[in-house]
K.L.:
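Please see the structure below; I have some questions.
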Number of protein chains: 2
Amino acid sequence: MAAEPDFDRTDFAILRLLMKDAWLSNKQIAAAVGLAPSTCHERIKSLRARGVLRGAHAEVDLRAIGFALEAVLLVQLGKLEIDVVDNFVSATATVPEVRGVFLVSGRADLIVHVVARDMEHLKAIISEHFNRHAVVLRVETSVVFNRQQQHVMPLPL
Amino acid sequence: MAAEPDFDRTDFAILRLLMKDAWLSNKQIAAAVGLAPSTCHERIKSLRARGVLRGAHAEVDLRAIGFALEAVLLVQLGKLEIDVVDNFVSATATVPEVRGVFLVSGRADLIVHVVARDMEHLKAIISEHFNRHAVVLRVETSVVFNRQQQHVMPLPL
DNA sequence: ATTGAAAGACCTTGGCG
DNA sequence: CGCCAAGGTCTTTCAAT
C-alpha cells in the first residue's frame, strides 16, 4: 500500500526547514537548500502529493487565551474489545480540550494530553469525558509543571 | 509582565483557522473572517507581536521517513533538586527523537514522547539518554499503538 | 530532475474614512 | 479599527536542457 519512495538529502533538508518554520517562503527554502525556486516548489508539491508533508499548524500560546492549566491523564480501561476502545479513542480525540490521545501498552491503556482554563475546568473535563464512560476504570491525573516540545526532524543528519 | 490584552471573536477565528491550516493565505483568512486583506494582515501581525501566535510547523509523516515506532516513557527521577531536574528536562528536550517532555505531578515525574526507527533504536535511546543518567530511577516504556492529535482551538465558541 | 522567464496573484505599506 | 489602492515581491506554470 505504501509506496517505496526514497528521499534524498534535499528532501530531508526541506522537511527539516518546514518543521522548524512553516512560514518560510518557497524562495527562502530554495536558497537554503541550494535549488532554484521552481525546482524547490516542485519538490514540495511532490512531498505533499506523496503524503509525507501533511500540512502545517500554527503554534498558539494557549496560556495567552486563558488556558493556564495542562495535564496528562493516564487512563485505565476495562474490557479491551477493540471496537469499543477505538471508538472511545476517536471520541476522546474530538474533545476540544484534548491535544493528543495515545493508545499504549503498559500500565495505562490511554495517555491523554489536555488543556484547561483552571482546576474546575479540568475536573469537568475528566468527569464528563472520562469518568462518565463505562469503559474507563480509572483516571490518574498528572498536572504539567513544565513542558518542552520539539518541532525538529528526528535525524541528526 | 504579561499585558492583559483581550481578544475579540475575530482574533479567535483567525487563530482557529491558522491552527487548523497554517498554509492558508492571508487573503483566504480575510475572506473567512469577513475582513479586508489589509485589516486581517494587521491583526495577524499584532497577534505575532504580542506572542500569541508563536510560529508554525509542518506536519510530517514520520513513518514515511523510517520512524515506524513511537513510545511514551514514564520516567521516575531521584532527588528532586530543581536545578538538576530542569537541566535534565532541557537536555532531554534536545534529543532529536524526543517529540515532547512533560514535567508532571503524580506517579511519574517525567513523561516523554519519543519516536524511533525500530525496537533496537528505541532501546538505544532509552539506554543512552535515560538509564545512563543518575537522576533517573526508573523508566517505564509504553509503546504507542495508535495516536490522534488535535490541532484545533480548545474552545467550542 | 532542474532551470529561467513570464504572467498572475499575493503581500505589505501608507493614506484616508 | 477598518478599508482601498499601489508598488514590490513571490508563487506557479511551462517549455527547454
Side-chain angles (χ1 to χ4, degrees), chain A residues 1-66 151-153 155 157, chain B residues 2-66 151 153 155 157:
Chain A
M1 15 186 69
E4 71 301 292
D6 57 337
F7 308 97
D8 60 14
R9 188 157 308 181
T10 304
D11 286 319
F12 278 107
I14 292 172
L15 292 173
R16 170 178 292 111
L17 287 167
L18 285 176
M19 282 185 77
K20 270 201 300 201
D21 184 0
W23 282 340
L24 287 170
S25 72
N26 178 60
K27 194 187 183 185
Q28 289 175 299
I29 298 168
V33 303
L35 284 179
S38 56
T39 313
C40 185
H41 186 256
E42 286 302 320
R43 290 262 194 171
I44 292 174
K45 268 211 312 191
S46 168
L47 287 168
R48 293 237 296 163
R50 287 188 277 172
V52 184
L53 248 180
R54 291 185 156 170
H57 305 280
E59 183 184 353
V60 172
D61 183 5
L62 294 179
R63 277 175 296 188
I65 59 172
H151 296 283
V152 299
M153 283 274 276
L155 284 168
L157 176 63
Chain B
E4 74 292 296
D6 57 336
F7 308 95
D8 60 14
R9 188 156 311 181
T10 304
D11 287 319
F12 278 108
I14 291 171
L15 292 174
R16 171 178 291 111
L17 287 168
L18 285 176
M19 281 185 79
K20 270 201 300 199
D21 185 0
W23 282 340
L24 288 170
S25 71
N26 178 58
K27 194 187 182 186
Q28 289 174 299
I29 299 169
V33 303
L35 284 179
S38 57
T39 312
C40 185
H41 186 256
E42 285 303 320
R43 291 262 194 169
I44 293 175
K45 267 210 312 190
S46 168
L47 287 168
R48 293 236 296 162
R50 286 187 276 171
V52 184
L53 249 179
R54 292 186 156 170
H57 305 280
E59 182 185 354
V60 172
D61 182 6
L62 295 179
R63 277 174 297 186
I65 59 172
H151 296 284
M153 284 273 276
L155 284 169
L157 179 60

K.L.:
Can you sort out the partners of B:A56 under side chain to side chain contact (heavy atoms under 4.5 Å, CB included), two or more places apart, ordered by chain and number?
P.N.:
A:A22, A:W23, B:A22

K.L.:
Atom CG in A:L18, atom CD1 in A:I44: separation rounded to 0.5 Å?
P.N.:
5.5 Å

K.L.:
Looking at residues at least two apart in the chain, or sitting in another chain, which of them share a salt bridge (Lys or Arg N to Asp or Glu O under 4.0 Å) with A:K45?
P.N.:
A:E42

K.L.:
Write out all pairs satisfying salt bridge (charged side-chain N to carboxylate O under 4.0 Å, His left out) with one or both partners inside residues 51-64 of chain A, taking only residues at least two apart or from two chains.
P.N.:
A:R54-B:D61, A:D61-A:R63, A:D61-B:R54

K.L.:
Please identify each residue that fulfils side chain to side chain contact (heavy atoms under 4.5 Å, CB included) with B:A32, with sequence neighbours left out.
P.N.:
B:L17

K.L.:
How far does the helix from C:dA1-D:dT17 to C:dG17-D:dC1 bend, going by the axes of its first and last five pairs, to the nearest 10°?
P.N.:
30°

K.L.:
Working to the nearest 0.5 angstrom, can you tell me the gap between A:L62 CG and B:L15 CG?
P.N.:
9.5 Å

K.L.:
Does any residue of residues 27-40 of chain B have a heavy atom under 4.0 Å from DNA chain C, and if so, which ones, in number order?
P.N.:
B:K27, B:S38

K.L.:
Nearest 0.5 Å, what's the CD1-CG distance between B:I14 and B:L53?
P.N.:
9.0 Å

K.L.:
Does any pair with a residue in residues 30-55 of chain B pass ring pair (Phe, Tyr, Trp, His ring centres under 6.0 Å), and if so which ones, sequence neighbours excluded?
P.N.:
none

K.L.:
Where does the chain A footprint on DNA chain D start and end, counting 5' to 3' with a 4.0 Å heavy-atom cut-off?
P.N.:
D:dC10 to D:dT13

K.L.:
Could you give all pairs that pass the side chain to side chain donor-acceptor pair (under 3.5 Å) test and reach residues 25-35 of chain A, with sequence neighbours left out?
P.N.:
A:S25-A:Q28

K.L.:
If the condition is ring pair (Phe, Tyr, Trp, His ring centres under 6.0 Å), which residues does A:H151 pass it with, not counting sequence neighbours?
P.N.:
B:H57

K.L.:
Say you draw a straight line from CZ of B:F7 to CZ of B:R50; how long is it, rounded to the nearest 0.5 Å?
P.N.:
5.0 Å

K.L.:
Sorted by first residue and then second, give each salt bridge (charged side-chain N to carboxylate O under 4.0 Å, His left out) pair with at least one member in residues 11-21 of chain A; sequence neighbours left out.
P.N.:
A:D11-A:R43

K.L.:
Taking any atom under 4.0 angstrom from a heavy atom of chain B, which nucleotides of DNA chain C are the first and last to qualify, 5' to 3'?
P.N.:
C:dC10 to C:dT13

